[in-house]
Amino acid sequence: MPDKAKINWPEITDESLFPEAVAGKNKPNVAWEKWEAAYKTTYYDYIKVQVEKEKSIIAVNDSMLRLGNYKKLSRQWLSALKLHGALLPLAEFAAVIGNMRAARFARDSNWRDMALIGALDELRHTQIPLRLNHFLVRQDKQFDWTHKFYHSNNWIAIAARHCFDEMLHAANPIEFAIATNFVFENGFTNLQFIGLAALGAEVGDGLFEEMVSSIQTDEARHAQIGTAVLDLLADDKEEVQRMVDKWFWRSWRLFAIATGISTDYFTPIEHRKTSFKEFMQEWVIRQFQTTLDRYGLKRPWYWNIFEEELDYFHHMAYASAYSYRASTWFDQVLPSPQDLEWLRSKYPGSWPKIEPIWQHMIRGWQEAVPGLDFAVHGSAIMGFCNLCQVVLCGGTPQTNTTIVEETKHGNHIFCSAPCQYIYNQEPERYGSHADLVTRVLEGKAPGNLLAMLTQYMNLHEDEWGKDVCSGDYPWLERKQT
Amino acid sequence: MSTFDENERFRLMADCSPVLLWLANDQAHCTFFNKPWLEFTGRTMEQEYGYGWAEGVHFEDYSFCIDYFMQHFKKRQPFSMEYRLKRHDGEYRWILDNGRPLIENNIFRGYVGSCIDITALREAQNAKIEQVKLLTTLAEREQASIAMAKLNEDLESFSYSVSHNLQSPLATSFNYLRFIRENNNDANAREKWIQKTEEKMRELEKIIYDLLNLSRSEREPLRLEEINLPFIIDGVAEGLRSSGIAEFDINYTDLAPVFADEGLLKQALNNIIGNAIKYAKPDVRPQIKIRTHTYDGGIEVIIEDNGIGIHSDKLLEVFRPFKRLIPERQKTGHGLGLYIVEKIMLRHGGKIWAESHSSGSSIHFVLPEKKKAEGDHAR
């Protein structure tokens, strides 16, 4: 007997109600009507709770702006704010769409209700950073990228859209629940946002702290949609495992960039409690492994590659980002001797291979006058992975993990074995996407780096990333006066 | 006389220059582009400001261009580089860009740069390289390799000379502009320095004009025909007279017809006769005599003058670019005239040399006979 509280339309066939093209493949062996989430809420209670959360956000916002507290933040931390500020809102807005699709096409009414509330959550998450950072645009034009980023052809935006368009816009409610609710939210953002909020508090950024903790409380609730779907898919482990393998890797790529760089480089050293690797171990990995065990799932096949990457990938990504900082909308910092010492101690196995990059940059600045950013900057166009669209910075400076494969869509280049694997699972889905280099070769984007920044990425000199101190660090011994 | 704001004056001078000029501050931000630059790129000062100019650099040259610029900027060294820059009509043109640090009272102020369009010159060099590549026999290959080495050497030395010769009047102009600024209250002094600046600008204009002629002499296809020398010589003499040059006499007898490209031959004779007049003895009216001889499968043309002559150990040097045998201050010109003439003769498969004698000097060139000229060089 169906639950009386549930909404059904017995006079209409399931196929008409939930066409497989939109709702995902039906599974006759799955009793969708048994869908149950731990943190169900009603619309009435939801609004009551959210009103209180909004008040808290407004109060913190006022204090940051009215008291000018934001000016007390270090410039390198502001870059973490700008990076997260841009990555969050319109990705969250894409999640509104994903939730709305589930609110219509999920095969159970409780699930649909929760997805509807999830959509309201994501709408709120879109608006919080947009509203908070909007007031900062007057102080610093780079904050304009909070809104502008997702609409641009910036390389990070292309990578983010490549992932989120599939995960949030295109996925059917079943894959959406596993990709977004289970892997992305339950696996990464939920607990990690607690850690990030603590980091915000540590550096004195009440705005960031309030933003991520307020978002986290919503995530903790609607992330349960994912585990509730997994409860019903106990007999479809192979397919679930495939989706987990795909989405864990894709989520990791973006997290390593946003959180890895913010934790190990943009957090001033005096406020750094843990390294990104420790942070991942504490807030993500342990919990994710427990959850996988609970649902009888295995760790993704590339787990040892992932564990190795914890020592390298975000460092390589940051070295690439610093080398091409004008291609981002936030300023970047050159690690000081104290930073290098700290990094050496936190990454004893990998740091000796990475440090020469920074010694090279330091020498570059020693020879250049302050402000001469392009003297310590890349000038050739970077190469990008055909799957994740991130710069080809897998592996170490000595051994890059780039793989070239001849596919029916032409020669493709991948930053890593997992990206190659994901591509080959669905070549028709990914085959025709042109990475930035292909766009240049096809004449759709300018090949001159500067023209690419200004004319294609819409990044101009008053916004593009520079060295936070214009290379004028008190500890830097300059060779030329 | 109206008084200009000094910035206005600087801008006016820079805009009158025939070369593309830019200024950068001490952080490599370009802060000024003259009118010829803006007309060339078809962009506004605001668009070119800062690093905006580099958006127009061809993407294959961008990395080299920006790295080379920065590398020299860091060390505050002068540089000379070639890259392709987008012209207002969308075509990429090869630019020779010479940058020089501006140091005032030991303080580094930034850079000043001057650029010229060397596309035609490069095309001519490339055409030559292609020609060399076509030679197939072993001996030819060996010769080709020597020619290539020579070509590279020539190109390098030529680029250096161009850079030096453009830089010199430019640097002097900047000094004059400084004097103008310093003499803001003295109208006479100011006028004097303005005139001097104009002279330097004209000098630059002449160099550019000759460089264009040089590139034309190497690039445009040869149209060989039988030339009636007296007719050409009269035309050249008339042109020189109307240009306001000193008075002179020109005589010729029994001139044999030659086989050449009329336009290029005119240019060659213009440069040779012009030199003969320019290097006359003080207070002696220039007398120029022209005759021809048959010479080993061709016609030798001899142009003899009664001028100051060429010292015997300098007879080879007169054909080198930017080589002036008389100190710059005493004679106008910049030393491209005979270099261009030699290029024209080589283009025809001919040869050229200079001789000195008691009453002056003579220039001799040989143009091959019709069959040989067509067979070997009429490409």
Side-chain angles (χ1 to χ4, degrees), chain A residues 323-327 360-383 436-467 469-472 476 478-481, chain B residues 22 24-31 41-77 79 81 83-87 90-93 95 97 99 101-103 105-111:
Chain A
S323 305
Y324 284 88
R325 55 200 175 280
S327 72
H360 176 75
M361 307 275 192
I362 289 168
R363 279 195 298 278
W365 275 116
Q366 281 173 333
E367 290 169 1
V369 290
L372 200 59
D373 265 79
F374 279 111
V376 193
H377 197 282
S379 56
I381 297 285
M382 303 171 278
L436 253 178
V437 174
T438 309
R439 294 179 202 196
V440 169
L441 295 175
E442 286 174 351
K444 292 174 184 159
N448 166 326
L449 182 70
L450 202 81
M452 179 183 267
L453 301 186
T454 57
Q455 294 161 24
Y456 196 68
M457 296 186 183
N458 202 13
L459 252 174
H460 298 276
E461 200 182 345
D462 54 352
E463 294 176 344
W464 71 44
K466 299 165 192 75
D467 184 280
C469 290
S470 307
D472 197 11
L476 191 84
R478 206 162 285 289
K479 287 186 180 161
Q480 187 178 330
T481 54
Chain B
W22 54 265
N25 68 13
D26 59 355
Q27 292 192 335
H29 268 76
C30 288
T31 53
T41 59
R43 284 161 56 98
T44 62
M45 188 80 84
E46 289 70 30
Q47 287 173 313
E48 299 296 67
Y49 194 84
Y51 293 109
W53 64 273
E55 288 174 31
V57 176
H58 192 282
F59 82 92
E60 286 173 6
D61 304 332
Y62 174 83
S63 194
F64 156 77
C65 173
I66 209 86
D67 290 348
Y68 196 75
F69 177 51
M70 286 298 163
Q71 200 183 324
H72 286 78
F73 206 98
K74 274 201 300 193
K75 295 176 183 164
R76 297 170 190 176
Q77 288 173 337
F79 64 80
M81 63 177 174
Y83 54 86
R84 280 162 289 180
L85 186 67
K86 200 179 195 175
R87 200 168 58 183
E91 189 182 321
Y92 282 96
R93 306 285 295 175
I95 295 293
D97 192 339
L102 280 174
I103 294 171
N105 300 329
N106 281 333
I107 297 169
F108 173 61
R109 299 285 185 202
Y111 266 64

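Sequence lines set the chain letters: A, B, ... in the order given, protein chains first and strands last, and positions in each chain run from 1.
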Item to complete: May I ask you to name which of B:A54, B:G52, B:G50 has the most heavy-atom pairs under 4.5 Å with chain A?
Response: B:A54

Worksheet, complete the sentence: Most contact-rich option vs chain B, by heavy-atom pairs under 4.5 angstrom, among A:D373, A:V440, A:N448, A:L453, is A:N448

Worksheet entry | Residue B:D61 versus chain A: region with a heavy atom under 4.5 Å | neither

Practice prompt. Measure up the B:Y111 and B:W22 rings against each other and bin them: parallel (under 30°), tilted (30 to 60°), perpendicular (over 60°).
Written response: parallel

Fill in: Within the 6.0 Å centroid threshold, strictly below: B:F108 and B:F73
yes

Discussion item. So if I apply the side chain to side chain donor-acceptor pair (under 3.5 Å) rule between B:T41 and each of B:E48, B:K86, B:Q47, which one comes out positive?
Written reply: B:E48

Discussion item. Does A:H460 have more than 12 heavy atoms from other residues, nucleotides or ligands lying within 6.0 Å of its NE2?
Written reply: yes

